[in-house]
Asks: 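Sending over a structure as structure tokens; questions will come in a sec.
As the structure is a computational prediction, the values presented were derived from the model and not from experiment. Chain letters run A, B, ... following the sequence lines, proteins first, then strands; residues in each count from 1. For the numbers below, each heavy atom of this structure counts, side chains included, while hydrogens, waters and symmetry mates do not.
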2 protein chains.
Amino acid sequence: MTTLTDVTDGATAKGEQTRELILSTALRLFREQGYGKTTMRAIATEAGVSVGNAYYYYSSKEHLMQAYYDHLQVLHREAVQEILAGDKSFAKRLIGVLRTWLDVSEPYHEFAGTFFKTAAEPKSPLSPFSEESRPAREASIEIFRQVVEGSDLKLPADLRAELPELLWLMQMGIVLFWVHDDSTGLRRTRLLITSTVPLVDRLLRLTRIPGVKGVVNDLVGVIRQLKGV
Amino acid sequence: MTTLTDVTDGATAKGEQTRELILSTALRLFREQGYGKTTMRAIATEAGVSVGNAYYYYSSKEHLMQAYYDHLQVLHREAVQEILAGDKSFAKRLIGVLRTWLDVSEPYHEFAGTFFKTAAEPKSPLSPFSEESRPAREASIEIFRQVVEGSDLKLPADLRAELPELLWLMQMGIVLFWVHDDSTGLRRTRLLITSTVPLVDRLLRLTRIPGVKGVVNDLVGVIRQLKGV
DNA sequence: TCCGCTTCTTGAACATGTTCAAAAGGCTGG
DNA sequence: CCAGCCTTTTGAACATGTTCAAGAAGCGGA
């Protein structure tokens, strides 16, 4: 059920401690030397346990990555509350949320690529679309729901209902870009955000124009259809 | 220089033969048992050569995948000429090209995920955005240039110039969807194509409306900026 | 023909993610 | 305190992608 862990039933306090020791050691090594160069043996040795023990808690190296991702999720959600409590402008809220994600994730940028490599594989439970990562995904979408709800944006109800998920998809796109971005200070990704958000904002407000509205309605229909089928 | 091969200088006829033997054996095994379950040892044995010999021609298992991808590219380009010579309707041309890609790629759908897994990793030379796959990418974009050029679509010049690359991006999106699509007969991906293409078509024709035009201009500007920076 | 150079081929060795049977540790009811 | 049972831990063994030093094969020129 949980995405973070593989074993939770009958867990012991000692066990929990070991699990966290392994995770924190792994994340530190990932940060220090990258995902690829960190071996399971190194993680185990550094944490003072055996290799098999690491596998007892995390069924693969990639699951350790997944755990990191969930961790980021929580950090993001927390870091974003201030912004969501303040501004009412839709564009500002969206920019704030996206930039915060960037800030929170920055320390991991170098090896994040490896995670999204795995995430791109459909069968992998680590895919952002998978059943297993549903909780994390929904938590993410929830943030965008807050972005929309608390904003000044006026929209037809059906589009408004669909929007959070669309914004999440937009974020996935930005993440994809971010992963490939090796400009200093992530200049290009920041540029992407500051230039696309106002566009999205304007585009959404254009939905009042009759001709545009028709297209948008169809678009929403398509998305619904694809989700259902 | 080439994307298909690692060693080309001073190649012998015999050498070329071995290279092709290894590639065709690999592709066959990939198709028969999937990418993951096909070991380099199996490929070598089946081809009647040593493991090291396979590595002499293809510097990694993933490069064998890359070779398959280039192969698909050629098949697609050829299969698409008939359509491009016929219809003038932009929507029909685009649908035709996308569907043909689907048909050409169908036999490999099962293990294609593994390729795109790799492709999603930024540093990988197999990434569709990488320098190494530039030739394949440009060949792909060229197809979409043909789609636009020979069509009845009337567009502002700057958008028209940018459009082929945007359509290629759209195809990347569809591929991403396709990789995740396990519906029978790829029903969902086909649905995605038949429902989004008319939308794109309508959206493009909307660019005459002043308010929309402004947004589109900005969008083109953003894309240019991001490509340049 | 023989020498030297490049091309090609080999297979053992290596690195590392993963598995598994066995043992150790710890808890609870009797 | 013991027996039984679940949790935790171990490390050797395994699978497989990859490397590499060594040799074989081919070829062109003297």
Side-chain angles (χ1 to χ4, degrees), chain A residues 2 5-23 25-26 29-30 33-68 111 114-115 117-118 121 123-126, chain B residues 2 5-23 25-26 29-30 33-68 111 114-115 117-118 121 123-126:
Chain A
T2 96
T5 61
D6 295 290
V7 183
T8 38
D9 301 321
T12 299
K14 174 113 177 292
E16 271 321 294
Q17 205 173 323
T18 307
R19 178 205 301 287
E20 271 156 38
L21 175 63
I22 291 168
L23 178 57
T25 305
L29 291 183
F30 287 167
Q33 21 177 275
Y35 179 82
K37 285 182 185 158
T38 304
T39 69
M40 289 302 282
R41 283 167 184 77
I43 294 171
T45 303
E46 194 79 1
V49 300
S50 69
V51 201
N53 202 8
Y55 276 93
Y56 178 73
Y57 290 105
Y58 298 93
S59 56
S60 74
K61 191 180 175 187
E62 284 170 351
H63 274 77
L64 279 166
M65 200 74 160
Q66 165 82 310
Y68 133 77
F111 70 95
T114 315
F115 177 69
K117 164 181 171 169
T118 303
E121 193 178 35
K123 290 162 204 160
S124 165
L126 279 64
Chain B
T2 95
T5 62
D6 296 289
V7 183
T8 38
D9 302 321
T12 299
K14 173 112 178 294
E16 271 321 294
Q17 205 174 324
T18 308
R19 178 207 298 289
E20 272 157 37
L21 175 63
I22 291 168
L23 177 58
T25 306
L29 291 183
F30 286 167
Q33 21 176 277
Y35 179 82
K37 284 183 185 159
T38 305
T39 69
M40 289 302 282
R41 282 167 184 78
I43 294 171
T45 303
E46 194 79 3
V49 300
S50 70
V51 202
N53 202 8
Y55 277 93
Y56 179 73
Y57 290 103
Y58 298 93
S59 55
S60 75
K61 191 180 175 185
E62 284 170 350
H63 274 77
L64 279 165
M65 201 73 160
Q66 165 81 312
Y68 133 76
F111 70 94
T114 317
F115 177 70
K117 164 181 172 169
T118 304
E121 192 178 35
K123 290 162 203 159
S124 165
L126 279 65

Asks: What one-letter contact string describes nucleotides 16-22 of chain D from 5' to 3', where B marks a base within less than 4.0 Å of any protein heavy atom, S marks contact via sugar-phosphate atoms alone, and - marks no contact?
Replies: BBBB---

Asks: Are any of A:Tyr56's side-chain N or O atoms less than 4.0 Å away from OP1 or OP2 of D:dT9?
Replies: no

Asks: Return the nearest nucleotide to the side chain of A:Tyr57; candidates are C:dT7, D:dT8, C:dT10.
Replies: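 Among the listed nucleotides, the one closest to the side chain of A:Tyr57 is D:dT8.
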
Asks: Roughly how far apart are A:Phe30 CZ and A:Thr25 OG1, rounded to 0.5 Å?
Replies: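 OG1 of A:Thr25 is found 10.5 Å from CZ of A:Phe30.
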
Asks: What's the spacing between B:Gln66 CD and B:Ser60 OG if we round to 0.5 Å?
Replies: 9.5 Å

Asks: Going from CG on A:Asn53 to OG1 on A:Thr18, what distance comes out if it is rounded to the nearest 0.5 angstrom?
Replies: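 A:Asn53 CG to A:Thr18 OG1: 6.0 Å, rounded to 0.5 Å.
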
Asks: In Å, rounded to the nearest 0.5 Å, how long is the span from CD of A:Glu46 to CG of A:Leu21?
Replies: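 Nearest 0.5 Å value for the CD-CG distance: 10.0 Å.
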
Asks: With a 3.5 Å cut-off and sequence neighbours excluded, list the donor-acceptor pairs that the side chains of residues 33-41 of chain A form with protein atoms.
Replies:
unit_1  : atom_1 : unit_2  : atom_2 : d
A:Thr38 : OG1    : A:Leu29 : O      : 3.3
A:Thr38 : OG1    : A:Gly34 : O      : 2.6
A:Thr39 : OG1    : A:Ala42 : N      : 2.9

Asks: Separation of A:Gln17 atom CD from C:dG26 atom P, in whole Å?
Replies: 12 Å

